[in-house]
Amino acid sequence: NTAEEKIYCNEMLILPYFHGVSSGKTRNADDVFGEGKISYLKSVASESDILSENYLSMKYYTYEEFADTIVAYRESVVISKENPLEVISVVERDEAGYVKEIQIGSTLFTGDEFMECCGLNSPNFQIDDFDGGVRIIVKGNGHGLGLSLYGAKIMAESGASYKEILLYYYNGVEIVK
């Protein structure tokens, strides 16, 4: 019975972040929240996630639809409806491949903001020109922090206990009754 068990890190209860499917590796909280804010969320391999039916997704926009979507999210962005990709570049990715920052014209978005703006499944994406429009290919489902539900399911099916799974995805924690 796990009803009375709690997970602690440095004598404080953890906030057990989880997501549906990672990109094959979970994110390090230092890359999302800043250095040392949440020490138990370190990047770990979750390679079985690539087998999930929710691992890859894709969005396609005409140039005009894409530009309109960006401006609807943040009115101050200046972006061409004829070739919006000319003013877009990924500035930085974290070690798991998730976009930390993306530049659109003179405006900087976090990967999470861009994910929200475009209705993407994850901030792990790549953007390219495809067939006269904008194609965004997305890996994973969710923010990528903490426990991957799909990865945990595969670990459990392979015989791992719930404690082994929790201790794998949450670094340096203890489970206390």
Nearest 0.5 Å, please: how far is [atom2] in [Y] from [atom1] in [X]?
{"X": "K139", "Y": "I50", "atom1": "NZ", "atom2": "CD1", "result": "9.0 Å"}
{"X": "N141", "Y": "S57", "atom1": "CG", "atom2": "OG", "result": "7.0 Å"}
{"X": "E65", "Y": "C118", "atom1": "CD", "atom2": "SG", "result": "11.5 Å"}
{"X": "I70", "Y": "I79", "atom1": "CD1", "atom2": "CD1", "result": "5.5 Å"}
{"X": "F130", "Y": "I136", "atom1": "CZ", "atom2": "CD1", "result": "13.5 Å"}
{"X": "K59", "Y": "I127", "atom1": "NZ", "atom2": "CD1", "result": "12.5 Å"}

Among residues at least two apart in sequence or on other chains, which ones pass ring-ring contact (aromatic ring centres under 6.0 Å, His included) with F66? Y61

Charged N to carboxylate O below 4.0 Å: is that the case for R74 and E113? yes

For [X], enumerate each residue passing the side chain to side chain contact (heavy atoms under 4.5 Å, CB included) test, keeping only those at least two apart in sequence or located in another chain.
{"X": "A160", "answer": "M155, E164, I165"}
{"X": "E157", "answer": "K153, I154"}
{"X": "I137", "answer": "L56, M58, Q126, R135"}

In residues 102-109, what donor-acceptor pairs under 3.5 Å come from side-chain atoms, sequence neighbours left out?
unit_1: Q103; atom_1: NE2; unit_2: G105; atom_2: O; d: 3.0

Side-chain donor-acceptor distances from residues 84-97 under 3.5 Å, at least two apart:
unit_1: E92; atom_1: OE2; unit_2: K100; atom_2: NZ; d: 3.4
unit_1: R93; atom_1: NH1; unit_2: G97; atom_2: O; d: 2.9
unit_1: R93; atom_1: NH1; unit_2: F125; atom_2: O; d: 3.1
unit_1: R93; atom_1: NH2; unit_2: F125; atom_2: O; d: 2.8
unit_1: D94; atom_1: OD1; unit_2: A96; atom_2: N; d: 3.0
unit_1: D94; atom_1: OD1; unit_2: G97; atom_2: N; d: 3.1
unit_1: D94; atom_1: OD1; unit_2: Y98; atom_2: N; d: 2.9
unit_1: D94; atom_1: OD2; unit_2: R27; atom_2: NE; d: 3.2

Would you list the atom pairs, donor with acceptor, under 3.5 Å between side chains in residues 31-44 and any protein atom, with sequence neighbours excluded?
unit_1: Y40; atom_1: OH; unit_2: L15; atom_2: N; d: 2.8
unit_1: Y40; atom_1: OH; unit_2: L15; atom_2: O; d: 2.9
unit_1: S43; atom_1: OG; unit_2: T26; atom_2: O; d: 2.6

Would you say CG of D128 has more than 12 non-hydrogen atoms from neighbouring residues, nucleotides or ligands within 6.0 angstrom? yes

Can you establish whether the number of heavy atoms outside E5 located under 6.0 Å from its atom CD is more than 12? yes

Side-chain heavy atoms under 4.5 angstrom apart, residues restricted to Ile, Leu, Val, Met, Phe, Trp, Tyr: same cluster for V21 and M115? no

Is I175 reachable from Y17 through a run of hydrophobic residues whose side-chain heavy atoms are each under 4.5 Å from the next? yes

To which residues is Y8 joined in a hydrophobic cluster, defined by side-chain heavy-atom contacts under 4.5 Å among Ile, Leu, Val, Met, Phe, Trp and Tyr, whether direct or through other members? L13, V176

Please give the remaining members of the hydrophobic cluster of M12, linking ILVMFWY side chains under 4.5 Å, ordered by chain and number. none

Pair V134, Y60 - check side chain to side chain contact (heavy atoms under 4.5 Å, CB included), show working. CA-CA 6 Å; V134 177; Y60 178 83; over 6 Å; no

Does one side chain, of Y169 or S46, offer a donor that lies under 3.5 Å from an acceptor on the other? yes

Pairs under 3.5 angstrom only: tabulate donor-acceptor contacts from the side chains of residues 142-151 to other protein residues two or more places apart or in another chain.
unit_1: H143; atom_1: ND1; unit_2: L145; atom_2: N; d: 3.0
unit_1: H143; atom_1: NE2; unit_2: F18; atom_2: O; d: 3.2
unit_1: S148; atom_1: OG; unit_2: D49; atom_2: OD1; d: 3.1
unit_1: S148; atom_1: OG; unit_2: D49; atom_2: OD2; d: 2.6
unit_1: S148; atom_1: OG; unit_2: G151; atom_2: N; d: 3.0

Could you go through the side chain to side chain contact (heavy atoms under 4.5 Å, CB included) check for N121 and N54 one step at a time? CA-CA 9 Å; N121 287 344; N54 296 316; over 6 Å; no

Taking all non-hydrogen atoms of both residues into account, name the closest pair between G172 and C9 and its distance. O-SG, 3.8 Å

Could you tell me which residues satisfy salt bridge (charged side-chain N to carboxylate O under 4.0 Å, His left out) with E82, sequence neighbours excluded, listed by chain and number? none

Taking salt bridge (charged side-chain N to carboxylate O under 4.0 Å, His left out) as the test, write out the residues that go with D129, two or more places apart. none

